[in-house]
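Note that the structure is a prediction, hence the values are computed from the model and not measured. Ligands are counted one by one from 1 in listed order, and the atoms in each one are counted from 1 as well. In what follows, residues are counted from 1 in the order of the sequence shown. Just so you know, these numbers use all the heavy atoms, side chains as well, and skip hydrogens, waters and symmetry mates.
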Amino acid sequence: MAAILSSSRERVLIVGAGFSGAVVARFLAEHAGIASLVIDERPHIAGNCHTERDEATGVMLHKYGPHIFNTDNETVWSYIRRFTEIVPYRHRVKATIDRGIFSLPVNLHTLNQFFGKRFNPAEARAFVAGLGDKSVANPSNFEEQALQLIGVDLYQAFIYGYTKKQWGCEPRELPVSTFSRLPIRFDYDDSYHRSHYSGIPRDGYTACIANILDHELIEVKLCTSFESAMSAGFQHTFYTGPLDAWFGYSHGRLSYRTVFWERIEAAGDLQGCSQMNYTQLDVPHTRIHEDKHFAPWESHERTVGLVEFSKETGPGDTPFYPKRLASDKELLESYLAMAGELSGVSFLGRLATYRYMDMHQAIAEALLEAERWVAARR
Ligand code: UDP
C-alpha cells in the first residue's frame, strides 16, 4: 500500500476520520481511483461517533454520547449497510422532573399524564394549540418558537432547564432550528426519531467506519494534528475540523458546547432505559445514558451509566455542538467568506460547516461533495 501511495500523483489529504472524512476517502478510492491520506488528531477513528467496548463490563460504550443512526434517505441507508449490519433500534427517551417521570418527545402519553387528562389526538391538539403564546407571531428564536407551540407549562417542565444547561445560555439566544429538532406528537408514538430507518451498528460505529476506510488506496494516520503546511504535498484537502481552527482563529472563536461525563458502574440495570433526561435546572446534569440499552441484543451482568454535563468549549476541549448564537453569525460569515476565496480545499461535516448535523446528513453531504469534486476534475 505504501508503494501505491508514495508513487501516486493523485493523492488527497483528508483531515478527520469521522463519517465525513471516511466517506469522501472511500468515494474517491472507489469511483476515481484516487488515494488519500486520512489524518486525525485523536488516537482513534470515528470522531465523536467512536464506540469502544468497556473493559470492566463488556458494554459497548458510545464514548461521545448517544448515537442512533436514523434516516429517511434510501441512498444513505443502503450506503451504511454496505459496511456494517445495522440492528433496528427505536430510541425511547424519558424525562425526570419534580412531578415524576414522563415520556419524551412530548407525545399524547406525556400530555395526558402531565395535565391529568384522557385526551384523544384531536382533543390534545386543540388543547395544546390553546396553550401556545398567541402574542408570538413570527418566532425569531428558540424560546419564542417553543412558547408559541407548547405554552409556558410544558416549556418550563421539559425544555427551558435542559436547554439552558445544555447550551449555557438563555434559550432566547438560540436559533429556532434547534427547537425544531424536537417534535411534539399527538399520538402515542414515543419514538424519539420518526425516521423511516433507525438502528445501531451491531459492532459499533468505530467498526463501521473502519470498514469504510478499509481500502488499499486509503491510508490512515492517527494522533496527527493538521497543520496548514501539510496540504502542500496533496492535490486537494478535504477538511472536517473546526472552521475557525483552519484560519487559526484569526477573527475569534466560534462558540461550541462540549460535554463531559461522570461514570456510574453497577450491577444489573441502572435506569431501565438508554436515556433519561433531567429537564429542570435543579439537577446539574442534562441526562444519563446507559449504553447497554443501545444494544438490547447483548447481555451483560454489569452496567455503565454516563452522567452527562455540558460546558463551554475551551482550547483543548472537543467541540460538540455549534451554538450558532446571534453573536456567532457575523464571525461565521467572515470565515465562510474567507473559505469561499480559497481553492484546493473543501470544508465539510459538522465542525467545518458549523452546523448541527446528524450522521446521516454528514454522509449524504460527503457523498455529494466527493461526487461534485470528482466531476469537476473531469
Ligand atoms: N431538548 C430539551 N429537552 C430535552 C431534550 C432536548 O429542551 O429533554 C432541546 C435542547 O435544547 C436540545 C434540542 O432540544 O439541544 C435538541 O435535542 P436533541 O435530543 O436532538 O439533542 P442531541 O441528541 O443532538 O443532543
Considering both backbone and side-chain atoms of [X], is one of its nitrogen or oxygen atoms within less than 3.5 Å of a nitrogen or oxygen in ligand 1?
X: Ile159; value: yes
X: Phe158; value: yes
X: Asn277; value: yes
X: Trp167; value: yes

Q | Nearest candidate to atom 10 (C) of ligand 1, where distance is taken over non-hydrogen atoms, out of Thr178, Thr163, Val106 | A |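 The nearest heavy atom belongs to Thr163.
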**Q.** Closest candidate by heavy atom, reference atom 17 (O) of ligand 1, pool Tyr192, Phe179, Tyr162
**A.**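 The residue whose heavy atom sits nearest atom 17 (O) of ligand 1 is Tyr192.
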(Q) Tell me the contacting part of Leu104 for ligand 1: side chain, backbone, both, or neither, using a 4.0 Å heavy-atom threshold, strictly below. (A) side chain
Q | Interatomic distance, Leu281 atom CG to Gln156 atom CD [nearest 0.5 angstrom] | A |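 Those atoms lie 8.5 Å apart.
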Side-chain donor-acceptor pairs of residues 94-106 under 3.5 Å, sequence neighbours excluded:
{"from": "Asp98", "atom 1": "OD1", "to": "Gln280", "atom 2": "NE2", "distance (Å)": "3.3"}
{"from": "Arg99", "atom 1": "NH2", "to": "Phe114", "atom 2": "O", "distance (Å)": "2.5"}
{"from": "Ser103", "atom 1": "OG", "to": "Asn107", "atom 2": "ND2", "distance (Å)": "2.8"}

Q | Parallel, tilted or perpendicular: rings of Tyr64 and His44 (30°, 60°) | A | tilted
Q.
Please list the nearest protein heavy atom to atom 20 (O) of ligand 1 with its residue and the distance rounded to 0.1 Å.
A. Arg181 NE, 2.9 Å
Q. Which atoms of ligand 1 sit under 4.0 Å from any heavy atom of Phe142?
A. 11 (O)
Q. Do Asp269 and His293 get their side chains close enough for a donor-acceptor pair, meaning under 3.5 Å?
A.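 Result is yes, a qualifying pair exists.
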**Q.** Asp190 and its salt bridge (charged side-chain N to carboxylate O under 4.0 Å, His left out) partner, picked from Arg185, Arg92, Arg90
**A.**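 So, applying the salt bridge (charged side-chain N to carboxylate O under 4.0 Å, His left out) to Asp190 and each of Arg185, Arg92, Arg90, only Arg92 qualifies.
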Q) Within 45° of the six-membered ring axis of Trp261 and under 6.0 Å from that ring's centre, is NZ or CZ of Arg263 located there? A)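 Not satisfied by the 6.0 Å and 45° rule.
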